[in-house]
There are 2 protein chains.
Amino acid sequence: MTEPSSAPMTRIQQKNRDRILEGALTAFSANGFRGATIDQIARAAGLSKPNVLYYFASKDEIHKTLLTTLLEMWLDPLRRLDPKGDPLSEVLAYIRAKLMMSRDFPRESRLFAYEILQGAPHLTEVLGGGLRQIVDDSAAILAGWMEQGRLRRVDPHHLIFSIWALTQHYADFDAQIRAVLGTSRDPLAEAETFAEDLYRRLLAP
Amino acid sequence: MTEPSSAPMTRIQQKNRDRILEGALTAFSANGFRGATIDQIARAAGLSKPNVLYYFASKDEIHKTLLTTLLEMWLDPLRRLDPKGDPLSEVLAYIRAKLMMSRDFPRESRLFAYEILQGAPHLTEVLGGGLRQIVDDSAAILAGWMEQGRLRRVDPHHLIFSIWALTQHYADFDAQIRAVLGTSRDPLAEAETFAEDLYRRLLAP
DNA sequence: CCTGATCCTGACCGTTTGGTCAATATTCCG
DNA sequence: CGGAATATTGACCAAACGGTCAGGATCAGG
């Protein structure tokens with residue numbers, strides 16, 4: 001616990017904590033938790049190592065803060081599924097949003113990828129709690145649409161998994177995709193038309 | 001270079017190198033390259049640390065050996081795409097094979113996941129060379145089927161990417177999937193029916 | 001301008017880790 | 001059996017790393 005509740009948080013604190021988290025995101029997403037060093041983070045943040053540890057008690061705490069802060073943003077598009085909207089448009093909008101996040105926030109995607117690959121040691125409570133709730137809720141919305149015959153019947157959970165898998169793949173495995181596709185193509189633009197076709201086919205009633 | 005070409009390779013060498021690679025696979029796939037220690041590998045292999053380094057010059061070499069050894073096996077199912085076979089059956093068989101690999105060889109999947117997340121520092125030549133060739137060849141087979149009207153037209157490269165993404169997701173993000181789905185379900189069995197439905201829909205002409 | 005709180009750093013510490021080496025044990029084979 | 005090749009290990013080393021700390025710089029506000 002560093003700033004539990006009633007923290008005034010000066011401008012300097014605000015600025016430096018932000019810088020540190022920004023640098024840490026770069027470092028952790030490039031090398032994983034163990035691969036990143038506090039020195040790296042400090043350099044990326046433009047601070048000295050002891051100064052970094054002045055704002056965060058430990059490397060672990062930086063990591064945990066980063067994960068919990070970003071998880072909200074990361075799951076936000078799924079929360080936006082509107083039960084009142086047009087089912088297919090809603091799903092396709094979700095997919096587009098996730099693909100844009102892979103393009104605009106690949107570091108965040110990789111950060112979570114590393115964490116989950118490792119067995120999610122810092123996220124177990126969140127995974128079994130909040131995440132599961134959100135996914136179950138969204139799955140229920142999807143299932144509702146399917147029952148009304150407005151979407152084809154498929155397993156809603158696996159539908160969500162498949163969207164995660166496909167969209168995040170373009171951020172997490174970027175190195176592989178670029179190696180295979182060469183430099184002249186725009187993977188994410190192509191991915192969007194591919195994914196739209198894929199899920200339209202799958203879900204159109 | 002440890003055993004470049006004319007290596008007699010005694011039984012003890014064979015056995016211990018195998019043990020080391022086996023232990024290293026467990027260690028690397030659980031914690032990534034930097035997260036795994038030679039001591040861990042040695043313990044998993046039932047050897048002492050110096051003894052491990054007697055068989056492999058460095059941690060790096062163990063890792064590289066592991067990657068190059070397993071890459072062949074990893075890509076094998078894609079090579080089995082038979083241009084003379086029934087297109088849809090061929091693709092579905094490939095998907096099933098990949099899903100079985102996620103079930104039976106999750107460590108291998110995670111090993112590659114870590115490596116590519118990191119930007120594939122040990123695989124750059126292979127990715128741009130052999131892998132690209134195999135993918136392009138397979139994409140050509142798929143494109144051929146599409147031109148004959150035996151498969152629906154989609155981008156063959158992204159088709160392959162999507163299959164990789166979906167199938168490997170179940171191994172790499174196992175922690176997340178189990179957290180969301182709970183313990184009473186069998187993710188990979190369900191994934192098989194989901195994936196078959198998905199790609200049948202997408203590809204049936 | 002003074003003073004207390006906040007901010008920052010160089011020097012340092014203990015541990016972990018990749019890797020070495022000399023010495024010993026074991027195996028192989030004539 | 002005997003000696004050379006192979007295998008194994010405890011002890012050790014240097015570098016990297018996470019983290020501490022005492023002291024100095026800077027800032028806010030009365």
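Note that the structure is predicted; figures quoted are calculated from it, not measured.
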Looking at B:Phe33 versus B:Phe28, is the centre-to-centre ring distance below 6.0 Å? yes
Answer with yes or no whether the side chains of [Y] and [X] bring together a donor and an acceptor at under 3.5 Å.
X	Y	result
A:Arg107	A:Thr26	yes
B:Asp174	B:His169	no
A:Ser89	A:Asp86	yes
B:Tyr199	B:Ser162	yes

Check against side-chain contact (heavy atoms from CB on, under 4.5 Å), A:Val52 and A:Ile62: CA-CA 9 Å; A:Val52 167; A:Ile62 302 176; 3.8 Å; yes
In the 5' to 3' direction, the nucleotides of DNA chain D bounding the stretch that comes under 4.0 Å of a heavy atom in chain B are D:dT6 to D:dC17
For the helix from C:dC1-D:dG30 to C:dG30-D:dC1, what angle separates the axis at the start from the axis at the finish, each from five pairs, in steps of 10°? 10°
Quick one: does B:Arg152's side chain have a donor or acceptor within less than 3.5 Å of a partner on B:Met146's backbone? no
Got a donor-acceptor contact below 3.5 angstrom from the A:Glu90 side chain to the A:Leu81 backbone? no
My understanding is that only residues two or more places apart in sequence, or in another chain, count here; which of them pass side chain to side chain donor-acceptor pair (under 3.5 Å) with A:Tyr170? B:His158
Nearest 0.5 Å, please: how far is CG in A:Leu198 from CG in B:Leu203? 8.5 Å
Considering only NZ, NE, NH1 and NH2 on the basic side and carboxylate oxygens on the acidic side, decide whether [X] and [Y] come within less than 4.0 Å.
X	Y	answer
A:Arg96	A:Glu196	yes
A:Arg103	A:Asp186	yes
A:Arg153	B:Asp197	no

B:Leu202 and A:Leu202: CA distance, side-chain angles, deciding distance, side-chain contact (heavy atoms from CB on, under 4.5 Å) verdict: CA-CA 7 Å; B:Leu202 176 71; A:Leu202 176 71; over 6 Å; no
I need the residues from residues 45-52 of chain B with at least one non-hydrogen atom less than 4.0 Å from DNA chain C; give them sorted by number, or say none. B:Lys49, B:Pro50
For DNA chain C, note the earliest and the latest nucleotide, 5' to 3', having some atom under 4.0 Å of a heavy atom belonging to chain A. C:dT6 to C:dT17
Between B:Arg132 and B:Asp136, does a salt bridge (charged side-chain N to carboxylate O under 4.0 Å, His left out) hold up when you go through it step by step? CA-CA 6 Å; B:Arg132 181 166 184 177; B:Asp136 282 346; 3.8 Å; yes
Strand-adjacent residues in residues 32-44 of chain B, judged by heavy atoms under 4.0 Å from DNA chain D: B:Arg34
